[in-house]
Amino acid sequence: MRILQMSDIYLAADKSENLFDVNVYQVFNNVIDYICKNQKQLNIDALVVTGNISRDGSSEAYQYFYSAMDRLALPYFALAGNQDNKIRMREQALTAKNLHSLDKIAAGKWAFLEINSLVRNEDFGFIDNSELAELEDKIRKNSDKDIAIFLHHHPLPVGTPIVDICNLINGDTLLKLCDDYAVRYIGCGHAHTVSIAKRNNISIAVSPAICFQWQNGTHRAANIKSSGFNIISFSENLHIETYFI
Ligand SMILES: [Fe+2]
């Protein structure tokens, strides 16, 4: 099955307000239009959104997000990022038509699991022990499957200080757990760049952002105006494609 993973859309209540000179509504619409127009060629079965849908946690942002995603007429799952407001995200989800839980999106010999990496009022990520134990339990229950895990924060640095100062600070602990159970894929966002790393059995892929990318290696807020996403083919072999549009 082929999953389009997108991340970091950064919608806000005020649709006209630019973010680093980018109108995020315009670029998000552009991506949705692109996917609609190229659905046959992209050949995706579902979408996974790895957080930071909104930058102000407003109901308006989530309402817009769900209605735009529903235009694709494909099942999708969305988790929250450090800028999101989980309560408003959940409230507005009642209006979504094609939103599904992650386990309903997985198919074949794959199991998809999510893990919360958010810390209240912080940009960095951390997974606490109870969440790690819960994840381990779910991995064990799916021991006959290939496991893919989705979360917001990147567990490995991407080489860009502006985002590496706020990555998943216990990324090593997550990766060790994933090594122990031969997890095959970790998909995240948050870093506004593309990065694909291989560690033992695990492919770790950071999806680029929808709103804009950070310049590679930058310490300050220097952005590149482009939207990106990954398409992952989950079959016997993993195949990860990055699109910039
Ligand atoms: Fe983030």
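Every number for a ligand or one of its atoms is a count from 1 in the order of the listing.
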Could you tell me if His152 and Asn82 have a donor-acceptor pair between their side chains, going purely by distance under 3.5 Å?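 Per modelled atom types, Asn82 and His152 side chains form a pair under 3.5 Å.
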
Cation-aromatic face contact Lys15/Tyr25, 6.0 Å, 45 degrees: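 Because its charged atom sits under 6.0 Å from the ring centre and within 45° of the axis, Lys15 does stack over Tyr25.
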
Could you pull out all residues at least two apart from Asn116 that satisfy side chain to side chain contact (heavy atoms under 4.5 Å, CB included)?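 Partners of Asn116 under the side chain to side chain contact (heavy atoms under 4.5 Å, CB included) test: Lys86, Leu118, Glu131.
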
Any side-chain hydrogen bond (donor to acceptor under 3.5 Å, both in side chains) involving residues 176-187? Give me the pairs, sequence neighbours left out, ordered by first then second residue.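 Passing the test, one end in residues 176-187: Gln5-Tyr185, Glu136-Tyr181, Arg140-Tyr181, Asp146-Arg184, Lys176-Asp180, Asp179-Arg199, Asp179-Asn200.
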
Which is it for Asp84 and Arg55 under the salt bridge (charged side-chain N to carboxylate O under 4.0 Å, His left out) test, yes or no, and what are the steps along the way? CA-CA 6 Å; Asp84 282 309; Arg55 67 178 185 274; over 6 Å; no

Within less than 2.8 Å, report the number of protein N/O/S atoms around the Fe ion (ligand 1).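 Excluding waters, the total comes to 4.
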
Under 4.5 Å between side-chain heavy atoms, chaining through other members, with only Ile, Leu, Val, Met, Phe, Trp and Tyr counted: pull out the rest of the cluster around Phe124, sorted by chain and number.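 Members besides Phe124, by chain and number: Val119, Phe126, Ile169.
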
